[in-house]
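Below is one structure, written out as structure tokens, with a few remarks after it.
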Amino acid sequence: MRYCEKCNVKLTGEITICPLCRGPLTGEADREGNAYPDIPLTRNPYWFLVRLLALATVAAGSVSLAVNVIFPERGWWSLVVIAGLLSGWLTVGIAFKKRRRPLKALLWQECIVSAIVFGWDYGTGYVGWSIDYVLPVLYTCMTFAMFVIARLTHLRVQDYLLYLLLNSLIGLIPAALLLAGVTRMIYPSVICTVVSVISLSALILFVGTALKDEFIRRMHL
């Protein structure tokens with residue numbers, strides 16, 4: 001049995017440091033006294049594929065940069081390639097990290113993709129395609145995707161109300177940009193606004209009480 005002279009406690013099992021003071025223990029280990037069984041570590045079957053894709057990403061970025069250095073006449077296009085690869089890994093990483101909560105993953109993806117798309121538009125000279133087309137279409141598709149996933153996965157109402165509410169509010173951003181005169185293409189923004197208003201109205205009219213209770217619970221009011 002192990003013994004900690006500083007804390008004056010006896011410990012069973014094969015631990016080597018005191019859980020209280022983190023100091024060394026004296027005495028012989030007692031294998032029979034292990035509180036928890038030894039569980040062998042299992043490897044993720046997809047870990048090799050992830051590392052293979054990471055290696056391919058590094059190789060693609062390195063080769064493009066090398067070719068760009070050898071032939072620099074057309075500018076630093078390799079930086080665009082590398083930025084695209086990093087953007088892809090960022091979106092995939094968020095989806096993988098939040099995979100156990102699909103609606104939360106969709107909301108994160110919506111925000112991340114919005115920032116990436118606008119960044120690409122701004123970084124390439126800002127033509128306006130991000131706010132004219134991509135963002136309204138993205139928000140409209142996300143609204144339908146959240147409703148479909150919520151029904152297919154048989155989630156409780158409380159589990160997806162706030163995500164649908166936040167998604168509906170994000171879907172009103174094209175309307176604000178349209179009113180501010182920033183958006184030049186009207187139709188995608190109008191369609192996105194109508195879908196978001198209908199979604200927001202449905203939440204308030206049909207599950208307004210549950211939405212209020214969930215908001216109070218989350219905010220600890």
Close side-chain approach of [X] to [Y], heavy-atom, < 4.5 Å:
X	Y	result
Y3	V9	no
V148	L152	yes
I170	L107	yes
P136	I191	no
Y139	P174	yes
W77	V67	yes
M146	Y160	no
L135	I173	no

Using the rule that two of Ile, Leu, Val, Met, Phe, Trp, Tyr join whenever any of their side-chain heavy atoms come within less than 4.5 Å, decide whether [X] and [Y] are in one cluster.
X	Y	result
W120	L85	no
V137	V127	no
V194	F144	no
L138	L90	yes
V207	L164	yes

Distance-minimising heavy-atom pair for [X] and [Y]:
X	Y	value
C4	L25	CB-CD2, 3.6 Å
G75	N68	O-ND2, 2.9 Å
S199	S168	OG-OG, 2.8 Å
T143	V195	CG2-CG1, 3.9 Å

Spatial distance of atom [atom1] ([X]) from atom [atom2] ([Y]) [nearest 0.5 Å]:
X	Y	atom1	atom2	answer
L172	L179	CG	CG	10.5 Å
R184	W129	CZ	CH2	12.5 Å
L177	T193	CG	OG1	9.5 Å
L203	N167	CG	CG	9.5 Å
Y187	S189	OH	OG	12.0 Å
W89	L53	CH2	CG	5.5 Å

Main-chain N/O of A59 paired with S62 side-chain donor or acceptor, under 3.5 Å: no
Any chance [atom1] of [X] has more than 12 other-residue heavy atoms, nucleotides or ligands included, within less than 6.0 Å?
X	atom1	value
I186	CD1	no
Y126	OH	yes
Y133	OH	no
W108	CH2	no

Trace of the side-chain hydrogen bond (donor to acceptor under 3.5 Å, both in side chains) decision for Y122 with S130: CA-CA 9 Å; Y122 185 81; S130 58; over 6 Å; no
